[in-house]
Amino acid sequence: MTRESGRDEQAVLLVAGLADLAVSTLGSALGTVRGLLRRSDTAQLVGDAEQELLARGRLALDRYATVPPAHLEVLAQHVLSRRGADPGASAGAGRGDDD
């Protein structure tokens with residue numbers, strides 16, 4: 001039973017630690033909210049926060065919603081652009097097709 005009581009004690013300590021952390025975080029958040037409510041530019045602060053959230057949302061959607069270009073397509077475009085820049089390059093150059 002010693003092991004079981006040790007685990008029970010550990011569980012109680014973990015729950016107490018989490019509760020203390022939650023109370024501390026909540027107290028800090030309430031203090032921040034009180035400080036914000038005392039400001040005279042609260043409306044402007046809220047507007048700025050809204051604009052920032054909209055911008056972050058746009059960035060997140062751009063990052064995850066757009067499909068990146070196909071890798072082989074990008075390589076083919078790169079080869080075509082190099083061939084256009086070097087008029088002396090031929091389709092079989094460098095591959096030993098000069099029979």
**Asked** Say you draw a straight line from CG of Leu30 to OG1 of Thr25; how long is it, rounded to the nearest 0.5 Å?
**Response** 11.0 Å
**Fill in**
From the list Gln51, Arg56, Glu52, side-chain contact (heavy atoms from CB on, under 4.5 Å) partner of Leu54 resolves to Gln51
**Request:** Measure the CZ-CG distance between Arg58 and Asp62 for me, rounded to the nearest 0.5 Å.
**Result:** 9.0 Å
**Fill in**
Separation between CD (Glu9) and CG (Leu14), nearest 0.5 Å, reads 11.0 Å
**Fill in**
Sequence neighbours excluded, the answer for side chain to side chain contact (heavy atoms under 4.5 Å, CB included) partners of Leu75 is His71, Leu72
**Sequence-distant partners of His78, side chain to side chain contact (heavy atoms under 4.5 Å, CB included), two or more places apart** = Ser81, Arg82
**Message:** Pair Gln44, Asp48 - check side chain to side chain contact (heavy atoms under 4.5 Å, CB included), show working.
**Reply:** CA-CA 6 Å; Gln44 181 183 359; Asp48 291 346; 3.9 Å; yes
**With sequence neighbours excluded, residues passing side-chain hydrogen bond (donor to acceptor under 3.5 Å, both in side chains) with Asp20** = none
**Message:** Strictly distance-based, threshold 3.5 Å: is any side-chain N or O of Thr32 a donor or acceptor partner for the main-chain N or O of Ser28?
**Reply:** yes
**Request:** Enter the distance from Leu18:CG to Leu13:CG here, rounded to the nearest 0.5 Å.
**Result:** 11.0 Å
